[in-house]
Structures are given as C-alpha cells and as structure tokens.
Chemist: 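Please read through the structure below; I'll follow up with questions.
Computed over heavy atoms, backbone and side chain alike; hydrogens, waters and symmetry mates excluded.
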Amino acid sequence: MKDYLQEDLKDIAEEIQKLEINNQTFFITGATGLVGSILVKGILTGNAVFNNNNKVVALVRNQEKAVRVFEEYTSGEDLEICVGDVNDFYQYSENIDYIVHAASETKSLNMVQHPVETFWTSINGSRNALEFARVKRVKGMVYLSSMEVYGQTSKIGSPIYEKDLGYLDIEKVRSCYPESKRAIENLCACYAKEYNLPVCSARLAQTFGAGVDISENRVFAQFAKSAIRGENIVLHTKGLSYGNYVYLSDAVKAILLLLVKGKAGTSYTVANQNTFIRIADMAKMVAECFGHGKSKVVFDIPKDIESMGYSADTCVHLSSEKLQSIGWKPKYDLKESYRRIIGYWMQIGVK
C-alpha cells in the first residue's frame with residue numbers, strides 16, 4: 001500500500017534541500033499540532049535523506065503527547081522537546097535561526113465557550129514569540145495566521161488579495177479568533193518596522209492531508225471519516241459557505257519558503273486557488289468519489305446554530321498570487337487531497 005505520509009515528508013525534505021537550509025536551528029511552537037508536527041517531521045526527514053544537519057526545538061504543552069507524536073524521531077540529537085506554555089516567555093539559551101509560531105486554538109466550540117482565553121492566549125503568546133525572535137536575532141520567522149482574517153467581503157466571486165479585508169462583527173464572541181489574528185499580523189508588521197525583525201504572516205486556508213490524527217473533528221475530517229465508513233455525510237448548516245483549502249505538505253513547503261524569501265512585515269495567503277468550493281458541494285464530491293455508493297449528504301440543522309461556534313457564511317475566493325510570485329506552487333487539488341488523507345487513514349487501520 002502506498003505510504004502517503006512518507007511521500008509527503010520526502011517532498012518537504014526536497015523543498016528544504018532546494019532552499020539550501022542546512023546547519024540551522026528551528027524553534028517551533030505548537031509543535032504537536034497538525035501543521036507544526038508535519039513541519040518538524042519534514043525537517044527531520046531532510047536530515048535523514050539529505051544530511052541537512054538541521055535541529056528542531058519543539059515547544060509543546062504535553063510531554064506525553066510529544067513523545068507519542070514524535071516516537072520515531074526521539075532517538076537522535078536533532079530533536080529537542082521543550083515543555084512550556086506560550087503565555088510564559090520562552091527560556092532557551094542556545095542559538096535559534098528560524099522560528100515558526102504555530103501554536104493556536106483550532107476548536108470553534110472553545111472559541112465561543114472561552115473567548116477571553118482564546119483572545120488573550122493568542123495575543124500574549126504571539127508577543128512572547130516575537131520578543132523571543134527579537135532577542136535571538138533570527139534569520140526568519142513565520143506567524144501562522146488564518147484565512148478567517150478576511151471576514152465577510154463584498155467582493156463576491158472575485159479573487160481576494162491580501163489587502164481585501166472584510167467585515168468582522170466585534171460584538172460576536174466568535175470573532176475573538178479572527179480579530180486576534182488580525183491584531184497579531186499588525187504586531188508582526190510593527191516588530192518588522194521598529195526592530196527590523198524578519199517576520200511575515202502566513203494566512204492558511206483550511207489545511208489537511210496525510211498525517212492528520214484520526215481524532216480530528218473539523219469538517220474535512222468528518223467528511224472523510226463518513227466516506228471511509230460508508231455513512232451519510234451530515235451537515236449541521238446549509239453548507240452555503242465557500243471554502244478554500246490547501247494540502248498539508250503544500251502548506252508546510254509554503255512556510256519554509258516564507259522563512260527564506262518572505263518579505264518582512266507582510267502577509268501571504270496560503271491556499272490552492274483551484275479548491276474554492278461550497279461546503280455542500282464538497283460534501284457531495286466526497287460522498288460520490290469516496291463513499292463507495294453508500295454515502296449521501298443529509299442536513300440536520302440545530303435550532304440554536306449560533307451556540308455551535310460555526311463561523312458566518314462567507315464567499316471568499318482567496319488568491320495565492322503573491323505567494324506564487326516568490327516561487328510557491330501547490331501540488332495537490334481538493335480531490336487528490338481527500339484521496340491522500342483517506343488513503344493514509346486506511347493505511348493506519350482507521351475503520
């Protein structure tokens with residue numbers, strides 16, 4: 001059976017080799033998260049395949065989870081696991097060359113149930129990361145932002161570029177997530193201007209692929225798991241929002257590229273422009289292509305839908321033209337992204 005994850009990690013390793021990143025030390029927050037963990041594994045795969053001799057310092061909250069996530073990589077000296085909280089200033093005495101600040105809340109329900117903690121941790125943790133980068137005089141830093149910063153835009157159907165920010169309702173507690181992301185992007189720009197810090201922001205579209213943990217419960221994962229089991233795909237909204245997506249290894253390669261070639265103080269959209277699709281239509285595609293004739297799309301919309309933490313319906317067609325102008329090119333479209341995550345889960349025995 002094809003090993004999708006190892007294929008992706010080697011693809012990331014080839015990008016590191018292409019960018020000539022050797023003998024460097026990376027500091028990665030949120031290292032056991034989806035993007036952070038694949039970035040760590042990709043760097044370490046580069047060491048094994050190309051002898052890049054790079055080191056990763058992985059900041060994590062849970063030692064046991066980190067050991068489990070990086071079980072195959074803990075025997076060498078090129079991975080150092082540091083247990084800590086982004087709300088506390090980082091204590092690390094050695095040299096750091098690159099920082100990727102990937103720590104973030106990702107669960108919508110937490111955003112509506114604990115909006116203060118979501119907002120404060122985002123702001124305070126990011127300021128700590130920026131201060132740490134300033135003290136360490138890093139060569140490059142990338143802050144992982146979100147496509148949610150775009151809000152609700154009036155440019156319906158037209159490509160949306162980095163300057164085309166739309167409306168966010170600041171009286172809705174769910175806005176704690178995109179508003180904090182916007183604030184941090186501005187803080188990155190301030191650090192770039194005042195301290196000459198080489199930091200830029202990566203606005204990630206919905207990101208998934210081989211390597212996603214089966215416990216993941218976001219929409220893309222629910223669709224994939226339903227298809228594997230031959231179950232109906234149940235939508236709790238009308239599915240009118242349009243989504244933008246990017247395959248996991250494509251996103252990681254974009255982050256590496258931005259560490260080296262990103263313009264300080266600016267933001268880049270990381271999205272495959274060919275994945276723009278309505279949620280309901282994506283559900284239909286997954287059911288038809290991967291449901292083995294057993295899955296169909298059904299709707300079960302709760303009366304108190306706002307309490308579920310879903311973001312407002314949007315029609316934002318993201319452009320990655322700016323990122324592509326410095327050399328990024330996504331490899332996998334939406335259908336192939338689903339093929340790879342489903343293939344990966346079936347390979348590890350998910351039923």
Chemist: A side-chain contact here means heavy atoms from C-beta on lying under 4.5 Å apart; do Gln17 and Asn52 qualify?
Modeler: yes
Chemist: Just by distance, no angles: are the side chains of Asn54 and Gln24 close enough, under 3.5 Å, to form a donor-acceptor pair?
Modeler: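 The answer is no; no qualifying pair exists.
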Chemist: Sequence neighbours left out, what passes salt bridge (Lys or Arg N to Asp or Glu O under 4.0 Å) with Glu14? Give chain and number order.
Modeler: none
Chemist: Side chains of His317 and Ser158 only: does a donor on one sit below 3.5 Å from an acceptor on the other?
Modeler: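 His317 vs Ser158: no donor-acceptor pair found between side chains.
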Chemist: For Asp3 and Tyr344, which I'm curious about, is there any donor-acceptor pair between the side chains at under 3.5 Å?
Modeler: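 Looking only at side-chain atoms, Tyr344 and Asp3 do not form any donor-acceptor pair under 3.5 Å.
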Chemist: Would you say Tyr245 ends up clustered with Val286 if hydrophobic residues are merged whenever their side chains have heavy atoms under 4.5 Å apart, either directly or through other cluster members?
Modeler: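 In one cluster with Val286: Tyr245, yes.
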Chemist: Check salt bridge (Lys or Arg N to Asp or Glu O under 4.0 Å) between Lys136 and all other residues, then give those that pass, not counting sequence neighbours.
Modeler: none
Chemist: Using side-chain heavy atoms (C-beta onward) and a distance below 4.5 Å, is Asn62 in contact with Thr32?
Modeler: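 No, side chains not in contact.
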Chemist: Strictly below 4.0 Å, N to O, side chains only: are Glu131 and Arg134 in salt-bridge contact?
Modeler: yes
Chemist: Classify the ring geometry of Phe276 against Tyr242: parallel below 30°, tilted from 30° to 60°, perpendicular beyond 60°.
Modeler: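 Parallel.
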Chemist: I'd like to know if the side chain of Asn244 and the backbone of Leu318 have a donor-acceptor N/O pair within less than 3.5 Å.
Modeler: yes
Chemist: A side-chain contact here means heavy atoms from C-beta on lying under 4.5 Å apart; do Val142 and Tyr98 qualify?
Modeler: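 No, every pair of side-chain atoms sits at 4.5 Å or beyond.
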Chemist: Could you note down all residue pairs passing side chain to side chain donor-acceptor pair (under 3.5 Å) where residues 276-292 supplies at least one of them, sequence neighbours left out?
Modeler: Arg278-Asp281
Chemist: Is it possible for you to say whether Leu248 and Tyr268 belong to one hydrophobic cluster, with membership spreading through side-chain heavy-atom contacts below 4.5 Å?
Modeler: yes
Chemist: Cluster partners of Val298, using ILVMFWY side-chain heavy atoms under 4.5 angstrom, listed by chain and number?
Modeler: Val234
Chemist: Show me the pairs that pass side chain to side chain donor-acceptor pair (under 3.5 Å) and involve residues 34-51, at least two apart or across chains.
Modeler: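 Only Asn47-Asp78 qualify under side chain to side chain donor-acceptor pair (under 3.5 Å).
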Chemist: Is Arg340 close enough and on-axis enough to Tyr4, meaning under 6.0 Å and within 45°, for cation-pi?
Modeler: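 The answer is no; the distance or angle limit is not met.
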Chemist: Let's go through Tyr338 and Phe220 carefully: what are the C-alpha distance in whole Å and the side-chain angles of both, what is the deciding distance for ring pair (Phe, Tyr, Trp, His ring centres under 6.0 Å) to 0.1 Å, and is it a yes or a no?
Modeler: CA-CA 8 Å; Tyr338 267 103; Phe220 67 82; 7.6 Å; no
Chemist: In terms of side-chain heavy atoms, does Ser320 have a donor or acceptor partner in Gln324 at a distance below 3.5 Å?
Modeler: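 Per modelled atom types, Ser320 and Gln324 side chains form a pair under 3.5 Å.
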Chemist: Does any donor atom in the side chain of Glu105 or Thr118 lie under 3.5 Å from an acceptor atom in the other side chain?
Modeler: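 Side-chain D/A pair, Glu105 to Thr118: absent.
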Chemist: Quick one: does Leu334's side chain get under 4.5 Å of Asn272's, heavy atoms only?
Modeler: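 Heavy-atom side-chain distance check fails, nothing below 4.5 Å.
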Chemist: Evaluate salt bridge (charged side-chain N to carboxylate O under 4.0 Å, His left out) for Glu80 paired with Lys55, printing each intermediate quantity in order.
Modeler: CA-CA 8 Å; Glu80 182 177 350; Lys55 179 179 179 179; 3.0 Å; yes
Chemist: Rounded to the nearest 0.5 Å, what separates atom SG in Cys190 from atom CG in Leu197?
Modeler: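 Output value for this atom pair is 11.5 Å.
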Chemist: Is it true that the side chains of Glu185 and Ser201 contain a donor and an acceptor less than 3.5 Å apart?
Modeler: no
Chemist: Are side-chain N/O atoms of Asn23 and Asn53 paired as donor and acceptor at under 3.5 Å?
Modeler: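 Yes, Asn53 and Asn23 have a side-chain donor paired with an acceptor closer than 3.5 Å.
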Chemist: With distance as the sole criterion, is a donor-acceptor pair present between the side chains of Ser319 and Gln273 under 3.5 Å?
Modeler: yes
Chemist: Out of curiosity, Thr269 OG1 to Leu323 CG, how far, rounded to the nearest 0.5 Å?
Modeler: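 Reported to 0.5 Å precision, the distance equals 8.5 Å.
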Chemist: Hydrophobic cluster membership, with links at side-chain heavy-atom distances under 4.5 Å among I/L/V/M/F/W/Y: are Val149 and Tyr161 in one?
Modeler: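 Hydrophobic grouping puts Val149 apart from Tyr161.
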Chemist: Taking atom CD of Gln113 and atom CZ of Arg174, what is their separation to the nearest 0.5 Å?
Modeler: 12.5 Å
Chemist: Using the six-membered ring wherever Trp is involved, compare the ring planes of Tyr247 and Tyr332 and label them parallel, tilted or perpendicular (cut-offs 30° and 60°).
Modeler: perpendicular
Chemist: So, the side chain of Trp345 versus the backbone of Val212: is there a donor-acceptor pair under 3.5 Å, distance only?
Modeler: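 Judged by distance alone, yes, a pair lies under 3.5 Å.
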Chemist: For Phe27 and Phe132, run ring pair (Phe, Tyr, Trp, His ring centres under 6.0 Å): C-alpha distance rounded to whole Å, both residues' side-chain angles, the deciding distance at 0.1 Å, then the answer.
Modeler: CA-CA 10 Å; Phe27 189 91; Phe132 185 65; 4.7 Å; yes
Chemist: Is it the case that the side chain of Asp97 and the backbone of Lys139 share a donor-acceptor pair, with hydrogens and angles ignored and the cut-off at 3.5 Å?
Modeler: no
Chemist: Show the numbers, then the answer: is there a side chain to side chain contact (heavy atoms under 4.5 Å, CB included) between Ile326 and Leu258?
Modeler: CA-CA 9 Å; Ile326 62 171; Leu258 290 174; 3.7 Å; yes
Chemist: If the condition is salt bridge (Lys or Arg N to Asp or Glu O under 4.0 Å), which residues does Arg218 pass it with, not counting sequence neighbours?
Modeler: Glu216
Chemist: Determine the interplanar angle of the Phe70 and Tyr73 rings, folded into 0 to 90°, and report it as parallel if under 30°, tilted if 30 to 60°, perpendicular if over 60°.
Modeler: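 Geometry flag for Tyr73 against Phe70: perpendicular rings.
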